[in-house]
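The figures here come from the full heavy-atom set of this structure, side chains too, leaving out hydrogens, waters and symmetry mates.
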Amino acid sequence: MAKRVAIVGAGVCGLASIKCCLEEGLEPTCFERSDDLGGLWRFTEHVEEGRASLYQSVISNSSKEMSCYSDFPFPEDYPNYVPNSLFLEYLKMYAKQFDLLKCIQFKTKVCSVKKCPDFAISGQWEVVTLHEGKQNSTVFDAVMVCIGFLTNPFLPLDSFPGINTFKGQYFHSRQYKHPDIFKDKTVLVVGMGNSGTDIAIEASHVAKKVFLSTTGGAWVISRVNDSGYPWDMVFTTRFQNMVRNFLPTPIVTWLIARKMNSWFNHTNYGLVPEDKTQLREPVLNSELPGYIITGKVLIKPSIKEVKEKSVIFNNTPKEEPIDIIVFATGYTIAFPFLDESVLKVEDEQASLYKYIFPPHLQKPTLAVIGLVKPLGSMIPTGETQARWVVQVLKGVSMLPPPSVMIKDVNEKKENKHSGFGLCYCNALQTDYIKYIDDLLTSINAKPNLFSMLLMDPRLALTLFFGPCSSYQFRLTGTGKWEGARKAIMMQWDRTLNVTKTRIVQESPSPFENLLKLFSCLALLVAVFLIFL
């Protein structure tokens with residue numbers, strides 16, 4: 001059994017990994033190259049090498065009930081979407097609550113992680129670190145890599161003819177911190193992900209003119225969904241997920257397009273995705289349509305050519321004067337401290353079983369946490385990964401033979417679609433609920449809705465029809481949390497209490513009460529049809 005565990009990175013996944021190790025009697029040592037915890041969520045005025053960087057105005061894309069650790073809810077007075085400063089405070093509270101700081105070595109860079117000579121027998125790793133100019137070598141029984149994939153900017157300048165002649169300023173979105181640099185400038189943001197869209201809107205507050213260039217378009221959704229609820233609490237439910245996976249992909253695609261266009265017609269705004277079948281991550285932004293309709297942000301196609309002081313877009317012969325170009329073109333995956341024989345990245349994919357374990361190693365003592373893109377929050381995803389990894393390191397949960405794992409990895413890389421449910425455009429993307437349930441099954445922690453329907457029908461119905469919040473992952477089995485049921489039943493109260501800052505008295509309508517009665521009857525019929 002592995003005992004001493006090295007953890008690389010003290011971000012959201014690193015903290016969860018420390019806690020999981022401590023709970024199971026392992027001895028974690030976490031190496032963090034910066035001087036504080038938080039990873040992505042710790043804002044600094046300057047970009048730090050080897051660490052994710054964010055701009056000052058970043059707010060979480062997942063609501064607090066859907067993005068918290070499964071046994072540690074956000075404070076009740078936190079807003080539903082959390083600014084980065086409060087998010088960092090939450091992470092510090094988590095570290096303090098579970099006494100994690102004692103395991104973290106700050107200002108310590110991991111230089112290399114190599115197999116020990118007797119790895120085939122011991123499964124041990126030699127970890128070389130650098131602290132205040134002094135190198136140190138330590139042997140560990142296992143390693144958990146928690147560095148994320150937002151540290152190495154992807155800047156494909158070769159794809160932009162003439163960029164070397166451009167006399168203005170250009171940089172990757174990783175360098176962006178404040179909108180002041182755009183004052184009275186004409187700005188072009190290339191790439192319509194969440195960061196690119198945020199930067200374009202912020203720039204429009206002070207810039208002379210702002211263009212947002214997109215090659216393939218994207219669905220844009222608001223953080224505020226139907227009836228004012230957080231979008232992910234409405235979208236991410238076991239019931240909806242089951243319905244989506246049951247339906248043929250063309251029907252699911254049509255339903256999603258219909259839902260997305262119910263807010264505003266994406267075609268009229270130049271945003272509709274060129275490929276509607278393969279789902280890419282939607283852009284979460286409540287402001288973009290308003291900025292387009294008022295002319296503050298202009299949507300443009302991909303760039304044809306860059307000139308000294310202007311840009312020509314595809315399908316538009318007119319030259320547009322440009323002062324600053326921001327490339328919001330994403331990131332590449334890299335593990336600079338690991339040899340390619342241990343973990344090789346090809347075509348922006350790493351060969352990992354369940355997105356975690358290199359399948360070819362003689363001993364399963366190296367795990368990567370957080371290298372997956374579920375349509376859900378990363379905190380509960382990384383935490384669940386860590387819970388399973390710790391059970392594997394202890395020898396409680398066993399991996400299948402290497403041949404089985406390699407076959408599974410290759411199938412994931414091919415990204416073949418079954419023809420039902422959502423079709424993802426990237427091999428790292430996966431069905432959030434299905435993936436989490438798969439990991440929970442491995443540690444006997446997946447809630448059994450059938451037995452629960454008999455023992456606690458109210459809870460079972462809430463689990464099935466309500467938000468698939470992370471508290472569900474602590475109801476039973478390994479890592480069970482006694483407060484999980486209460487957290488689930490109170491999640492809507494915590495969501496709505498922070499918005500009800502002015503109490504309004506509403507008189508109930510007789511018609512509304514009658515409608516609720518019929519809705520309850522219909523719900524009961526649906527439950528019996530599904531479960532029986």
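In this structure, the side chains of D431 and L422 stay at 4.5 Å or more apart for every pair of heavy atoms. Proximity of M66 to T236: side-chain heavy atoms (C-beta onward) are separated by under 4.5 Å at one or more points. You'll find the side chain of I356 reaches within 4.5 Å of the side chain of V389, heavy atoms only. Residues P75 and M93 form a side-chain contact, since some pair of their non-hydrogen atoms from C-beta on lies under 4.5 Å apart. At least one side-chain heavy atom of Q56 sits under 4.5 Å from a side-chain heavy atom of H178. The side-chain heavy atoms of W231 and D226, taken from C-beta on, include no pair separated by under 4.5 Å. Looking at K412 and T430, their side chains never come closer than 4.5 Å, going by heavy atoms from C-beta outward. Taking 4.5 Å as the limit, some side-chain heavy atom of L37 sits within range of a side-chain heavy atom of L101.
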Step by step, would you call Y81 with K64 a side chain to side chain contact (heavy atoms under 4.5 Å, CB included)?
CA-CA 6 Å; Y81 290 99; K64 66 177 183 179; over 6 Å; no
Applying ring-ring contact (aromatic ring centres under 6.0 Å, His included) to Y176 and F182, what does each step give before you reach the verdict?
CA-CA 11 Å; Y176 173 72; F182 302 132; 5.6 Å; yes
W219 vs V272, side chain to side chain contact (heavy atoms under 4.5 Å, CB included): CA-CA, chis, key distance, verdict:
CA-CA 6 Å; W219 293 122; V272 68; 4.0 Å; yes
Would you check, one step at a time, whether the test side chain to side chain contact (heavy atoms under 4.5 Å, CB included) holds for C21 with M144?
CA-CA 10 Å; C21 286; M144 298 173 74; 3.9 Å; yes
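Evaluation of the salt bridge (Lys or Arg N to Asp or Glu O under 4.0 Å) rule for E32 yields no partner, not counting sequence neighbours. In this view, Y435 and Y355 satisfy the ring pair (Phe, Tyr, Trp, His ring centres under 6.0 Å) rule, not counting sequence neighbours.
Looking at N285 and T197, their side chains never bring a donor and an acceptor atom within 3.5 Å of each other. If you check the side chains of S53 and K177, you find a donor sitting under 3.5 Å from an acceptor. Between S397 and W388, the side chains place a donor N or O and an acceptor N or O closer than 3.5 Å (distance only, hydrogens not considered). No hydrogens or angles considered: a donor-acceptor pair under 3.5 Å links the side chains of S222 and S286. There is a side-chain donor-acceptor pair under 3.5 Å between E383 and S70.
Not one N or O on the side chain of T237 forms a donor-acceptor pair closer than 3.5 Å with the backbone of G466. A donor-acceptor pair under 3.5 Å links the side-chain atoms of N80 to the main chain of T495, judged by distance alone. A donor-acceptor pair is defined here as one N or O able to donate and one able to accept, closer than 3.5 Å; no such pair exists between the side chain of T108 and the backbone of R33. Checked by atom type and distance alone, the side chain of H266 never pairs as donor or acceptor with a backbone atom of A257 at under 3.5 Å. Judged by distance alone, the side chain of D71 and the main-chain N or O of W481 form no donor-acceptor pair under 3.5 Å. Between the side chain of N194 and the backbone N or O of V283 there is no donor-acceptor pair closer than 3.5 Å. In this structure, H205 contributes its side chain and P179 its backbone to no donor-acceptor pair below 3.5 Å. With hydrogens and angles ignored, the 3.5 Å screen pairs a side-chain donor or acceptor of Q385 with a backbone N or O of G370. Formation of a donor-acceptor pair under 3.5 Å by the S451 side chain with backbone atoms of N448 is found in this model. Judged by distance alone, the side chain of N245 and the main-chain N or O of N241 form a donor-acceptor pair under 3.5 Å.
Here the closest heavy-atom approach between residue I369 and residue G382 is recorded as CG2-O, 3.5 Å. Counting all heavy atoms, side chain and backbone alike, P28 lies closest to I7 at CB-CD1, 3.8 Å. The two residues E76 and V498 come nearest to each other via the heavy atoms O-CG1, 2.9 Å. The two atoms that bring G270 and I299 nearest to each other are O-CG2, 3.5 Å, heavy atoms only. Considering all non-hydrogen atoms of both residues, P380 and F473 come closest at CB-CE1, 4.0 Å. In terms of heavy atoms, A16 sits closest to Y94 at CA-OH, 3.8 Å.
Between E23 and K19, at least one side-chain N (NZ, or NE/NH1/NH2) sits under 4.0 Å from a carboxylate O, which counts as a salt bridge. Salt-bridge annotation for R485 and D456: present, with a side-chain N of the basic residue lying under 4.0 Å from a carboxylate O of the acidic one. A salt bridge links D437 with R238; the closest basic N to acidic carboxylate O contact falls under 4.0 Å. Under a 4.0 Å N-O distance rule, the pair E65/R494 qualifies as a salt bridge. Salt bridge absent: K296 and E287 never bring a charged side-chain N and a carboxylate O closer than 4.0 Å. The residues D36 and K92 are annotated as salt-bridged, a charged nitrogen and a carboxylate oxygen being separated by less than 4.0 angstrom. A salt bridge links R42 with D35: at least one charged nitrogen is closer than 4.0 Å to a carboxylate oxygen. Between K102 and D99 there is a salt bridge, with a side-chain nitrogen of the basic residue lying less than 4.0 Å from a carboxylate oxygen of the acidic one.
Within a 6.0 Å sphere centred on CZ of F246, other residues, nucleotides and ligands contribute 12 heavy atoms or fewer. Atom CG of L496 is surrounded by more than 12 heavy atoms from other residues, nucleotides or ligands within 6.0 Å. Within 6.0 Å of atom CD in E45, more than 12 heavy atoms from other residues, nucleotides or ligands are found, so the atom counts as buried in its surroundings.
The aromatic ring centroids of Y331 and F154 lie 6.0 Å or more from each other. Within the 6.0 Å centre-distance limit, the rings of F87 and F74 are counted as a close aromatic pair. Side-chain rings of Y78 and Y90 stay apart, their centers remaining 6.0 Å or farther from each other.
Annotation: the span from T29 atom OG1 to I104 atom CD1 amounts to 10.5 Å, rounded to 0.5 Å. The structure places CZ of F264 at 10.0 Å from CD1 of I293, a figure rounded to the nearest 0.5 Å. To the nearest 0.5 Å, the span separating OH on Y432 from CG on D232 amounts to 9.0 Å. Annotation: the span from I436 atom CD1 to T384 atom OG1 amounts to 4.0 Å, rounded to 0.5 Å. Rounded to the nearest 0.5 Å, atoms OG1 (T332) and CG (L150) are 10.5 Å apart. In this structure, CG on L91 lies 8.5 Å from CH2 on W41, to the nearest 0.5 angstrom.
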